[in-house]
Asks: 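Below is a structure I'd like to ask you about.
Values below: every heavy atom of this structure, side chains too, minus hydrogens, waters and symmetry copies. Order of appearance sets the numbers: ligands from 1, and atoms from 1 within every ligand.
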Amino acid sequence: MNRRDALEVLRGSVAELEPGHVWLAGAGPGDPGLVTLDALAGLAQADVVVHDALVDPRVLALAGPHAQLEFSGKRGGKPSAAQEDISKRLVDLAKQGKRVLRLKGGDPCVFGRGAEEAMALAMAGVPFRLIPGVTAGLGALAAAAIPATVRGINRAIIFAAGHGAAGSAVADSEWEALARTAQPIVIYMAMHNLARIVDALRRGGLQPATPVAVIAAATTATERILVSTLKRVVAEVRAQGLEPPAIIAVGEIVQFRAKLLDAVAAAGSAVR
Ligand SMILES: C[S@@+](CC[C@H](N)C(=O)[O-])C[C@H]1O[C@@H](n2cnc3c(N)ncnc32)[C@H](O)[C@@H]1O
């Protein structure tokens, strides 16, 4: 069975990526098992896959043999393509009649500028689809055996950006307000400002013993998980040399991991 037949069986019918169209899709956090069938259909059909730095090489390897892979994205702290240039490139490729898959790590619309690219395509009259992906904030947690919600522990969950382009990161006074909600906070792009964020959360009333998990390169071959507390996390991240990309989860949900792993060990089985 070829790739297309397999997709048809799995999904019922494969959506057609037509010439001159763009699919803005999420690739998930890394593990190819977390790629949606629609994103996989896009990979199989695209003439050009325009991807960002966080798309795992194992996912890119799923592109069809004729597909041209084009890197276009932001690399934290390093010179990278301007957003307007990326949007213009997508429009140009579509106007040349290419089938374009714009593939972003995680979900394209979670701290991923998917909205800006969709708007640019809409304004240029280019037909497009938005295909959701497993965002790192959820994928990293579940893969680390930390449930995003636990009955009796939290009624909400907050996704926040610790760093980023002007206007997209949470300001110090806002961290204090988020801390006062007493709901877990899942922080993207937090590694560069971690000490400042921790201080602000403490000012907002979170206790030094509040559990924190740092999940770096989640669901990739180099995944690392650190379970710590607000008091210790900055020093432990430094001591262990943890680097971006990482998701930082703050709150009582983190403690569920130990309970779950203990239960799994007691039953003699495994999480993954
Ligand atoms: C520009 S944001 C993109 C988020 C992406 N659109 C998503 O939905 O996951 C980049 C940040 O996402 C997080 N991230 C993405 N992939 C990750 C992974 N595999 N493991 C841990 N964090 C990841 C990190 O916080 C990273 O700095």
Asks: Short N/O distance, under 3.5 Å, between Val134 and ligand 1?
Replies: no

Asks: Do Val227 and Arg257 touch side chain to side chain, with heavy atoms closer than 4.5 Å?
Replies: yes

Asks: Are any of the N/O atoms on Pro108, whether in the backbone or the side chain, positioned under 3.5 angstrom from an N/O atom of ligand 1?
Replies: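 Looking only at distances, the answer is no, because the N/O contact criterion of under 3.5 Å is not met.
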
Asks: I want to know if ligand 1 touches Ile187 in the polar sense, i.e. an N/O pair below 3.5 angstrom.
Replies: no

Asks: Would you mind telling me if ligand 1 is within reach of the side chain of Pro245, the backbone, both or neither, using heavy atoms under 4.0 Å?
Replies: both

Asks: Looking only at protein heavy atoms, identify the closest one to atom 18 (C) of ligand 1 and say how far it is in Å.
Replies: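 The closest heavy atom on the protein side is Ala218 N, 3.5 Å.
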
Asks: Numbering the atoms of ligand 1 from 1, which are under 4.0 Å from a heavy atom of Leu54?
Replies: 10 (C), 15 (C)

Asks: Are any of the N/O atoms on Gly105, whether in the backbone or the side chain, positioned under 3.5 angstrom from an N/O atom of ligand 1?
Replies: yes

Asks: Main chain of Gly105, side chain of Asp56: is a donor-acceptor contact present, judged purely on distance under 3.5 Å?
Replies: no

Asks: Please assess Thr220 against Arg58 for the test side-chain contact (heavy atoms from CB on, under 4.5 Å), listing each intermediate value before the final yes or no.
Replies: CA-CA 9 Å; Thr220 75; Arg58 294 169 298 170; 4.3 Å; yes

Asks: Relative to the heavy atoms of Pro29, which atoms of ligand 1 are at a distance of less than 4.0 Å?
Replies: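 Near Pro29, the atoms of ligand 1 are 19 (N).
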
Asks: Consider salt bridge (Lys or Arg N to Asp or Glu O under 4.0 Å). Of Arg89, Lys95, Lys88, which one does Asp92 pass it with?
Replies: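 With Asp92 as partner, salt bridge (Lys or Arg N to Asp or Glu O under 4.0 Å) holds for just one option, Lys88.
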
Asks: Would you check the N or O atoms of Tyr188, main chain and side chain alike, for any that come under 3.5 Å of an N or O of ligand 1?
Replies: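 No, there is no polar N/O contact under 3.5 Å.
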
Asks: From atom 11 (C) of ligand 1, work out which of Met191, His192, Met189 has a heavy atom at the shortest distance.
Replies: Met189

Asks: What I want to know is whether Ala140 and ligand 1 share at least one N or O pair that is separated by under 3.5 angstrom.
Replies: no

Asks: Indicate yes or no: at least one non-hydrogen side-chain atom of Ile187 is less than 4.5 angstrom from one of Ile247.
Replies: no

Asks: Tell me whether Ala246 reaches ligand 1 (any heavy atom closer than 4.0 angstrom to a ligand atom).
Replies: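 Distance cut 4.0 Å: Ala246 passes for ligand 1.
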
Asks: Where do Asp38 and Arg129 land on the salt bridge (charged side-chain N to carboxylate O under 4.0 Å, His left out) test, with the steps shown first?
Replies: CA-CA 10 Å; Asp38 275 4; Arg129 269 183 78 194; 2.6 Å; yes

Asks: Could you check whether any side-chain heavy atom of Val212 comes within less than 4.5 Å of a side-chain heavy atom of Thr229, counting everything from C-beta outward?
Replies: no

Asks: Counting both backbone and side chain atoms, is some N or O of Phe111 under 3.5 Å from an N or O of ligand 1?
Replies: no

Asks: Distance under 4.0 Å to a non-hydrogen atom of Ile215: what atoms of ligand 1 satisfy this?
Replies: 21 (C)

Asks: For Leu141 and Leu138, what are the C-alpha separation, side-chain angles and deciding distance, and is it a side-chain contact (heavy atoms from CB on, under 4.5 Å)?
Replies: CA-CA 5 Å; Leu141 259 57; Leu138 291 176; 5.5 Å; no

Asks: Are Ser228 and Glu236 close enough that a side-chain donor and a side-chain acceptor fall under 3.5 Å?
Replies: yes

Asks: Which is closest to atom 9 (O) of ligand 1 by heavy-atom distance: Ala217, Ala144, Ala136?
Replies: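 That would be Ala136.
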
Asks: Which residue supplies the protein heavy atom nearest to atom 4 (C) of ligand 1, what is that atom called, and how far is it?
Replies: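 Its nearest protein heavy-atom neighbour is Val110 O, 3.4 Å.
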
Asks: Is there a nitrogen or oxygen of Thr135 sitting under 3.5 Å from a nitrogen or oxygen of ligand 1?
Replies: yes

Asks: Under the 3.5 angstrom rule, does the side chain of Gln45 hit a backbone N or O of Arg99 as a donor-acceptor pair?
Replies: no

Asks: For the side chain of Glu174 and the backbone of Val170, is there at least one donor-acceptor N/O pair under 3.5 Å apart?
Replies: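 No, the answer is negative, given that no donor and acceptor are paired below the 3.5 Å cut-off.
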
